[in-house]
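Below you'll find the structure, written out as structure tokens, and then a few comments.
We use all heavy atoms of the structure for the numbers below, so side chains are in, but hydrogens, waters and symmetry mates are not.
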Amino acid sequence: METTPTNLQVLDLPTSTLAERTAHAELLLELEAKKVAATLDVPTLSHQVRDNLRSIGEPVRLFGENNANVRDRLRLCLAKIEIRKRGAVSGDGVAESEKDEKEAKLTKEDDEAVETKYTYATEELVKAREFIAAYSLGNAQNRLGMERKRRWGANKRSLKRRVLVDYNDNSGHDEDHGFIEEEVVKELDDMDSNFLERQKTLRNMALEGSQYGDPRPLSAISTLRKNSSLSSDTARSIIVTGGWSGSIKLWDGSSPALDLLSTKNMAHEDRIVGVDIQPDFIQDSTDYIVASASIDLMGKLWKVSKDEDTPMQDPDSGEEKCQDNRFVFEEAAVLKGHQARLCNVAFHPSGRYVGTTSFDHTWRLWDIESGGKELLLQDGHWKEVYGIAFHTDGSLCSTTDFGSVVQLWDLRTGKSACHFLGHAKRVLCTQFSPNGFQLCTAGDDGTIKIWDLRSRKQYASIPAHSKLITQINFAHNCGHQNGEYLTSSSFDGTGKVWSTRDWKLISTLRGHEGKVMGIDVLPSDDGIVTCGYDKTLKIW
């Protein structure tokens with residue numbers, strides 16, 4: 001039988017039908033791209049995101065987009081490119097080549113193990129982690145031993161009878177139980193009496209002295225944290241301030257006069273946003289290390305040493321000197337590497353390392369002994385990183401960002417220990433309590449939040465200020481303070497003092513004309529220092 005060819009007639013689709021098919025294909029591509037986008041990695045730094053968008057011919061930023069929206073758009077564009085490389089999208093929204101791959105995978109079991117990939121650490125970073133581990137374990141052992149002793153003593157005192165249980169079962173001094181009990185109970189009684197006296201002093205706290213600190217607003221302040229065993233020559237309180245003029249100044253906080261000890265003009269080319277002074281652990285030390293952070297993309301380390309023969313004015317630099325000036329600033333290192341403005345700086349408790357935060361969504365760890373060499377570049381925040389603090393043992397680091405996230409990092413392993421969510425707006429400052437198991441954070445929402453590191457939950461929330469909180473600091477853990485109170489400063493023009501036993505307000509410090517930019521605690525006589533937008537430094 002002979003077949004005859006059939007006459008086929010091809011008709012062009014109407015424009016409306018073509019448009020509908022094109023829109024349908026675009027919709028399927030969009031849906032498939034969203035699935036693929038979840039598996040793609042994109043850069044976190046803003047300049048890298050912009051470069052990638054330019055390379056694929058996409059606009060750098062659309063109207064109303066923030067940094068997160070731009071990254072999401074880049075991820076979606078890369079997903080579409082990936083799908084087009086695999087093959088055309090079929091009617092059910094799946095690429096043909098991808099269909100074949102899925103069918104092949106269904107015919108056999110996927111026995112491949114999921115591997116977590118890590119970046120290899122440098123030899124310097126490995127040594128730093130080993131040192132931090134040994135340093136923190138020793139401090140933790142001493143702190144926990146003291147905590148066990150005090151808890152044991154509190155139990156003895158509450159029961160009001162002798163209990164033959166030592167706070168350390170391995171001490172091997174069973175015959176000294178009575179002596180230890182009396183000693184510990186007496187220590188607790190002294191702490192309670194000191195706390196009551198301190199509360200009376202703090203409630204009656206008033207302005208004692210004020211100094212004009214800088215031609216522009218003072219933006220950062222820090223006091224020297226030191227051992228109580230240091231000699232009287234180094235027992236006076238040292239205060240360091242930084243201002244918007246780019247200058248750093250050293251003050252004597254042992255008297256209400258706030259004598260100026262030294263000045264470093266033009267320490268930075270732009271505004272200083274953070275300063276810190278290295279913890280003092282050396283007997284009879286007369287040298288200090290000061291760290292500063294600025295929006296000029298750099299941090300700096302300064303060696304501050306005694307200079308008895310310094311004249312009233314340096315003929316080379318022309319820097320102003322006061323009559324009793326006994327210190328001189330010398331640049332020790334430049335911390336250069338951040339891709340955006342710096343936000344804050346903090347010393348590790350060991351004094352060997354310093355950490356910085358930046359708007360480039362990262363924080364970095366620098367080695368002081370090697371001349372400010374960068375040891376660690378840590379990302380993980382999706383918005384600008386601002387606050388930074390180190391645990392009193394030296395094992396943990398806390399960082400905060402503009403996305404209301406508080407991150408906790410383990411410096412011994414390099415891993416993220418946990419994160420805390422609870423703030424409604426940007427989190428600008430963070431500090432660890434001297435007791436070792438509480439973390440304090442504050443920021444743009446005007447609240448102070450206390451986090452329990454043992455349960456990894458929020459312990460308390462304090463509606464502290466009506467405006468942005470600029471800085472928080474605990475009392476020193478030496479002498480008679482024992483970290484018994486917390487200080488905070490705010491744009492509402494006040495500084496406040498809070499009890500760490502019940503987190504109630506003890507005192508409100510009013511005296512600045514405008515925003516209070518920073519606050520810290522002096523190691524002696526329960527003194528508190530503040531700096532403000534009114535260009536003054538005040539002692540209370």
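The local environment of CD in E331 is crowded, with over 12 non-hydrogen atoms from other residues, nucleotides or ligands closer than 6.0 Å.
Between W498 and H465, the ring planes lie perpendicular to each other; the angle is over 60°, past the 30° to 60° tilted range. Classification of the Y353-H348 ring pair by plane angle, with boundaries at 30° and 60°, yields perpendicular.
When only modelled atom types and interatomic distance are considered, T400 and T430 share no side-chain donor-acceptor pair under 3.5 Å. Residues T223 and D520 have side chains that bring a donor and an acceptor to within less than 3.5 angstrom of each other. Between H381 and T399, the side chains place a donor N or O and an acceptor N or O closer than 3.5 Å (distance only, hydrogens not considered). A side-chain donor-acceptor contact under 3.5 Å links S222 and D276.
Remark: F402 pairs with F359, Y386 by the ring-ring contact (aromatic ring centres under 6.0 Å, His included) rule, at least two apart or across chains. When the side chain to side chain contact (heavy atoms under 4.5 Å, CB included) test is applied to N142, no partner is found at least two apart in sequence or on another chain. Every residue meeting the salt bridge (Lys or Arg N to Asp or Glu O under 4.0 Å) condition with K127, not counting sequence neighbours, appears here in chain and number order: E123. W451 is linked by a ring-ring contact (aromatic ring centres under 6.0 Å, His included) to F420, counting only residues two or more places apart in sequence or in another chain. Listed by chain and number, the residues in a salt bridge (Lys or Arg N to Asp or Glu O under 4.0 Å) with K425 amount to none (sequence neighbours excluded).
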Start with the C-alpha gap between I289 and I277, add the side-chain angles, then the distance that decides, and say whether side chain to side chain contact (heavy atoms under 4.5 Å, CB included) holds. CA-CA 6 Å; I289 299 293; I277 186 166; over 6 Å; no

When you look at D410 and S395, which way does the side chain to side chain donor-acceptor pair (under 3.5 Å) test go after all the steps? CA-CA 6 Å; D410 191 340; S395 57; 5.9 Å; no

Under the side chain to side chain contact (heavy atoms under 4.5 Å, CB included) rule, what do V273 and S294 come out as? Steps first, then yes or no, please. CA-CA 5 Å; V273 291; S294 171; 5.6 Å; no

Working for side chain to side chain contact (heavy atoms under 4.5 Å, CB included), residues Y288 and F327: CA-CA 10 Å; Y288 309 106; F327 293 87; 3.7 Å; yes

Worked verdict on R456 versus L408 for side chain to side chain contact (heavy atoms under 4.5 Å, CB included): CA-CA 10 Å; R456 301 186 181 185; L408 201 62; over 6 Å; no

Verdict with supporting geometry, K449 and S461, side chain to side chain donor-acceptor pair (under 3.5 Å): CA-CA 4 Å; K449 294 189 181 294; S461 182; 3.0 Å; yes

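Rounding to the nearest 0.5 Å gives a distance of 4.5 Å between OG of S237 and CG of L522. If you take CG on L250 and NZ on K264, they are separated by 13.5 Å, rounding to the nearest 0.5 Å. Note that the CG atom of L207 and the NZ atom of K538 stand 5.5 Å from one another [nearest 0.5 Å]. Expressed to the nearest 0.5 Å, how far NZ of K383 lies from OG1 of T44 amounts to 14.5 Å. With rounding to the nearest 0.5 Å, the separation of NZ in K496 from OG in S507 is 10.5 Å. Rounding to the nearest 0.5 Å places OG1 of T530 at 13.5 Å from CZ of R510.
Between the side chain of S499 and the main chain of Y485, no donor-acceptor pair closer than 3.5 Å is present. Panel note: side chain R271, backbone G246; no donor-acceptor pair is recorded below 3.5 Å. In this structure a side-chain-to-backbone donor-acceptor pair under 3.5 Å is missing from S433 to G436. Without hydrogens or angle criteria, K249 side chain to G213 main chain gives a donor-acceptor distance under 3.5 Å. In terms of modelled atom types and a separation under 3.5 Å, the side chain of T487 and the main chain of N473 share a donor-acceptor contact.
F329 has its side chain within reach of S262: a pair of non-hydrogen atoms, C-beta onward, lies under 4.5 Å apart. Using a 4.5 Å cut-off on side-chain heavy atoms (C-beta onward), S350 and F131 make contact. Between V385 and C343, every side-chain heavy-atom pair lies at or beyond the 4.5 Å cut-off. Using a 4.5 Å cut-off on side-chain heavy atoms (C-beta onward), L335 and T356 make contact. By the 4.5 Å heavy-atom criterion applied to side chains, L428 and I469 are not counted as neighbours. Side-chain contact check for V405 versus L421: some heavy-atom pair is nearer than 4.5 Å. Counting heavy atoms from C-beta outward, L297 and K336 have side chains that stay 4.5 Å or more apart. Between W503 and L486 the shortest side-chain heavy-atom distance falls below 4.5 Å.
Scanning all heavy atoms of the two residues, the minimum distance from F437 to N435 falls at N-OD1, 3.0 Å. In terms of heavy atoms, W251 sits closest to L258 at CE3-O, 3.2 Å. Of all the heavy atoms in A340 and S358, the pair that sits closest is O-OG, 3.1 Å. In terms of heavy-atom proximity, S416 sits nearest to Q407 at OG-OE1, 3.2 Å. The two atoms that bring A442 and I448 nearest to each other are CB-CG1, 4.0 Å, heavy atoms only. The heavy-atom pair separating G387 from N344 by the smallest distance is CA-ND2, 4.5 Å.
For residues 361-375, the pairs satisfying salt bridge (charged side-chain N to carboxylate O under 4.0 Å, His left out) are E124-K373, R352-E369, D360-R364, R364-E374, with sequence neighbours left out.
Under 4.0 Å is where a charged nitrogen must lie from a carboxylate oxygen, and between K467 and D492 no such pair does.
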